[in-house]
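Shown next, in structure tokens, is the structure this report addresses.
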Amino acid sequence: METIVDYKTMGGGVAVITLNRAEAANALSREMLRELDRLLDGIEFNPGIRGVILTGSGEKAFCAGADLKERAGMNDREVKETVALIGKVVTKLERLPQPTAAAINGACFGGGLELALACDIRMAADSAKMGLTETSLGIIPGAGGTQRLPRLIGISRAKELIYTARRINAQDALTYGLISYAAPQEDLLDRAMELMLEISKNGPIAVQQAKKAIDLGGQGDLETGLSIEKICYSVTIPTRDRQEGLLAFKEKRQPQYTGE
Ligand code: COA
């Protein structure tokens with residue numbers, strides 16, 4: 001059955017979430033947000049999932065942001081609620097314990113880029129365009145864009161992009177450090193899968209604790225960050241995976257991690 005958010009698990013425990021409203025440039029309707037919210041809840045507590053790829057259906061759009069047609073019929077209170085819902089879903093994506101990658105297959109604007117910014121790694125099709133376009137609509141990014149973009153690419157460039165509402169191409173996004181890779185459209189998902197498989201062969205507890213250490217530790221001063229790293233490291237010490245890593249090294253074979 002066709003769903004508004006497509007979900008499948010691939011080899012290596014990699015989940016692929018596909019925003020599936022190609023006819024509306026995969027814009028974030030309330031129905032789509034609720035479905036995404038539900039899916040993310042399921043992923044968070046699924047130990048079988050070792051990585052998540054987020055992409056859009058079709059070749060034109062990753063996600064064109066908030067559903068502007070739906071928005072046009074809302075009163076102020078509904079707008080507030082919907083902006084809060086987008087923010088909640090974006091933060092839930094960011095806080096997934098598993099590593100995440102956005103495979104930006106086309107237009108990626110407003111809330112679409114805010115979703116991508118909440119992923120650990122971003123890659124884009126050569127043809128993709130990206131931007132926080134909100135000021136051109138008389139609003140500002142409301143799902144973390146004003147906070148996550150400057151943290152990623154620096155305050156000055158983020159201000160320029162947000163003030164101008166500019167739509168940049170994949171090459172510029174690469175130069176700015178907004179994405180890590182650009183790939184031909186037809187290779188994009190394969191590249192994302194390759195990356196996730198490279199990650200998922202490592203100890204899942206270790207990868208998740210590394211993510212936590214980077215995300216939480218990066219928010220404060222170095223001393224606090226180092227203390228957070230220590231706590232995250234200590235989680236890996238009593239694990240079977242740590243023993244398996246040592247044993248596999250001794251036996252000169254690939255480790256088989258189970259996430260225990
Ligand atoms: N909300 C609702 N519908 C949207 C949408 C959005 N954010 N973005 C695109 N759509 C719809 C279009 O209205 C169109 O529907 P229609 O066929 O019923 O008219 C369909 O998706 C395809 O879009 P269209 O503009 O015809 O295709 P395109 O390939 O020329 O352009 C975009 C695609 C995404 C570049 C362009 O639609 C766009 O700029 N959208 C707005 C993006 C934006 O600023 N988002 C930030 C919101 S805060």
Side-chain angles (χ1 to χ4, degrees), residues 2-6 17-37 54-91 93-94 102-119 122-150 152-153 157-173 176 178-179 182 184-186 188:
E2 181 108 320
T3 49
I4 197 160
V5 183
D6 189 42
I17 300 176
T18 308
L19 305 176
N20 193 19
R21 286 183 81 206
E23 72 289 352
N26 299 319
L28 299 166
S29 63
R30 280 182 287 196
E31 188 195 352
M32 184 190 256
L33 287 162
R34 286 189 202 107
E35 181 59 15
L36 201 47
D37 193 37
L54 177 67
T55 193
S57 63
E59 297 195 341
K60 281 172 113 181
F62 169 76
C63 174
D67 187 321
L68 296 174
K69 289 178 185 164
E70 198 179 63
R71 184 70 58 91
M74 289 181 194
N75 61 34
D76 289 359
R77 188 179 54 79
E78 288 166 330
V79 172
K80 234 182 206 172
E81 279 170 8
T82 310
V83 173
L85 177 61
I86 302 178
K88 176 183 151 200
V89 171
V90 169
T91 298
L93 174 64
E94 180 175 56
I104 303 170
N105 55 307
C108 175
F109 298 123
L113 183 52
E114 289 176 304
L115 272 176
L117 285 168
C119 291
R122 283 150 295 282
M123 54 182 71
D126 291 328
S127 55
K129 292 259 168 59
M130 284 150 266
L132 290 177
T133 54
E134 285 87 346
T135 57
S136 71
L137 293 156
I139 52 175
I140 69 167
T146 64
Q147 303 306 305
R148 293 189 181 100
L149 187 65
L152 184 67
I153 68 168
R157 279 222 155 116
K159 282 181 170 172
E160 182 179 336
L161 290 184
I162 291 171
Y163 297 171
T164 59
R166 192 180 301 147
R167 298 169 177 225
I168 61 171
N169 61 29
Q171 271 317 307
D172 285 341
Y176 288 7
L178 177 54
I179 59 170
Q185 167 89 42
E186 61 276 16
L188 184 68

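Counting convention: from 1, in listed order, for ligands and their atoms alike. What you see below is based on every heavy atom in this structure, not just the backbone, and it leaves out hydrogens, waters and symmetry mates.
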Measuring from atom 13 (O) of ligand 1, which candidate in Arg21, Lys69, Glu134 has the nearest non-hydrogen atom? Lys69
Is at least one protein non-hydrogen atom found at under 4.0 angstrom from atom 15 (O) of ligand 1? yes
For Leu68, which part has a heavy atom under 4.0 Å from ligand 1: side chain, backbone, both, or neither? both
Are there over 12 heavy-atom neighbours, none belonging to Glu31, within less than 6.0 Å of that residue's CD? no
Can you tell which part of Glu23 has a heavy atom less than 4.0 Å from ligand 1: side chain, backbone, both or neither? backbone
With the threshold set strictly below 4.0 angstrom, can you tell me whether any protein non-hydrogen atom sits that near atom 37 (O) of ligand 1? no
Ligand 1 contact by Ala24, heavy-atom criterion under 4.0 angstrom: yes
Nearest protein heavy-atom contact for atom 8 (N) of ligand 1: which residue, which atom, what distance? Ala64 CB, 3.4 Å
Once you restrict to heavy atoms under 4.0 Å, what part of Ala27 touches ligand 1? Side chain, backbone, both or neither. side chain
Hey, which of Leu132, Ile139, Thr133 is the one that makes side-chain contact (heavy atoms from CB on, under 4.5 Å) with Ser136? Thr133
State the atoms of ligand 1, each with its element, that fall below the 4.0 Å cut-off from a heavy-atom position in Lys60. 29 (O)
Heteroatom distance test (Ala66, ligand 1): nitrogen or oxygen, under 3.5 angstrom: yes
May I ask you to say whether Glu160 pairs ionically with Arg166, meaning some side-chain N is under 4.0 Å from a carboxylate O? yes
Could you tell me which non-hydrogen atom of Met32 sits nearest to which non-hydrogen atom of Leu19, and how far apart they are? CE-CB, 3.9 Å
For Asp67, take its heavy atoms, then give the atoms of ligand 1 lying under 4.0 Å from any of them. 1 (N), 2 (C)
Looking only at heavy atoms, the pair that brings Ala128 and Ala124 closest together is CB-CB, 4.1 Å
For Thr133, the atoms of ligand 1 under 4.0 Å from one of its heavy atoms are 43 (C), 44 (O), 45 (N), 46 (C)
In this structure, atom 9 (C) of ligand 1 is nearest to the protein heavy atom Ala25 CB, 3.7 Å
Numbered in order shown, the ligand 1 atoms found under 4.0 Å of a heavy atom of Arg167 are 35 (C), 38 (C), 39 (O), 42 (C), 44 (O)
Any non-hydrogen protein atom below 4.0 Å of atom 4 (C) of ligand 1? yes
Identity and separation of the nearest protein heavy atom to atom 48 (S) of ligand 1: Leu137 CD1, 3.7 Å
Side-chain donor or acceptor of Thr91 paired with backbone N/O of Lys88 under 3.5 Å: no
Closer than 4.0 Å: a protein non-hydrogen atom to atom 24 (P) of ligand 1: no
Heavy atoms of Ser29 and Ile4 approach each other most closely as OG-CD1, 3.8 Å
Return yes when atom CG of Asp76 has more than 12 non-hydrogen atoms of other residues, nucleotides or ligands closer than 6.0 Å, and no otherwise. no
Sub-4.0 Å heavy-atom approach of Glu70 to ligand 1: no
Shortest non-hydrogen contact between Cys108 and Ala116, atoms and distance: SG-CB, 4.3 Å
Quick one: does Asn105's side chain have a donor or acceptor within less than 3.5 Å of a partner on Glu59's backbone? no
Yes or no, since that's all I need: does a protein heavy atom fall within a distance strictly under 4.0 Å of atom 44 (O) of ligand 1? yes
Pro150 vs Lys159 side-chain heavy atoms within contact, under 4.5 Å: no
Test item: side-chain donor near acceptor, Thr3 and Asn20, under 3.5 Å: no
